[in-house]
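What follows is a short report on a single structure.
Atom set for the values below is all heavy atoms of this structure, side chains included, hydrogens, waters and symmetry mates excluded.
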Amino acid sequence: MATKFSEIIHSNTPTLVDFFAEWCGPCKMMKPILAELKSKMGEGITILKIDVDKSPNAAAAYQIQSMPTLLLFKNGEIKWRQSGVVTTKQLMQVVEQYAN
């Protein structure tokens, strides 16, 4: 990855980080939801997926205890956090709150 995680989350564009695990059933349900969100919002959002098994330090840094956990960053600040499956509509409403 050319751009560092900290650079991406400090951007003015809302960044949704999905902490997931390959073995997690609900995480698999989030994949098409995140794809739909990206297709609807385009450049208005950055979506990062972090595998907690491959990046335990990142998971520990944000006290991730259940998957999936979604964090929305803007300008380096956590604006929203939710564990569990979230619908595309809910995610769009959350992101639009912090888009401007």
side-chain contact (heavy atoms from CB on, under 4.5 Å) between Thr69 and Tyr62, worked out: CA-CA 10 Å; Thr69 293; Tyr62 293 101; over 6 Å; no
Within this structure, what is the CD-CD distance for the pair Gln90 and Gln93, rounded to the nearest 0.5 Å? 7.5 Å
Does any N or O in the side chain of Lys28 come within less than 3.5 Å of the main-chain N or O of Glu22, such that one atom is a donor and the other an acceptor? yes
Do Met92 and Ile47 share a hydrophobic cluster (ILVMFWY, side-chain heavy atoms under 4.5 Å, transitive)? yes
To the nearest 0.5 angstrom, please state how far the CD atom of Glu96 sits from the CD1 atom of Ile45. 10.0 Å
All heavy atoms of Val52 vs all of Ile64, minimum pair found to be CG1-CG2, 4.3 Å
Any link between Phe19 and Met30 through a network of hydrophobic side chains (Ile, Leu, Val, Met, Phe, Trp, Tyr) touching at under 4.5 Å? no
Determine the minimum heavy-atom distance between Gly44 and Pro14, stating which atoms define it. O-CD, 3.5 Å
Under the rule for ring pair (Phe, Tyr, Trp, His ring centres under 6.0 Å), what residues qualify as partners of Phe20, not counting sequence neighbours? none
Can you tell me how far the CG atom of Leu70 sits from the CG atom of Leu91, to the nearest 0.5 Å? 6.0 Å
Quick one: are Thr13 and Met41 in side-chain contact, heavy atoms under 4.5 Å? no
I need the Thr15 OG1 to Leu72 CG distance, nearest 0.5 Å. 7.5 Å
Could you report the tightest heavy-atom contact between Glu36 and Ser39, atom names first, then the distance? O-OG, 2.9 Å
For the pair Val86 and Trp80, evaluate side-chain contact (heavy atoms from CB on, under 4.5 Å) and give the outcome as yes or no after the intermediate values. CA-CA 12 Å; Val86 184; Trp80 176 85; 4.2 Å; yes
Testing the basics here: between Asp53 and Ala21, what is the closest heavy-atom pair and its distance to 0.1 Å? OD2-CB, 4.0 Å
Are Phe5 and Val17 side-chain neighbours, meaning at least one heavy-atom pair lies under 4.5 Å? yes
Can you tell me how far the NZ atom of Lys49 sits from the CG atom of Leu16, to the nearest 0.5 Å? 9.5 Å
How many angstroms lie between NZ in Lys74 and OH in Tyr98, if you round to the nearest 0.5 Å? 10.5 Å
Are Leu71 and Met29 co-members of a hydrophobic cluster defined by side-chain heavy atoms under 4.5 Å apart? no
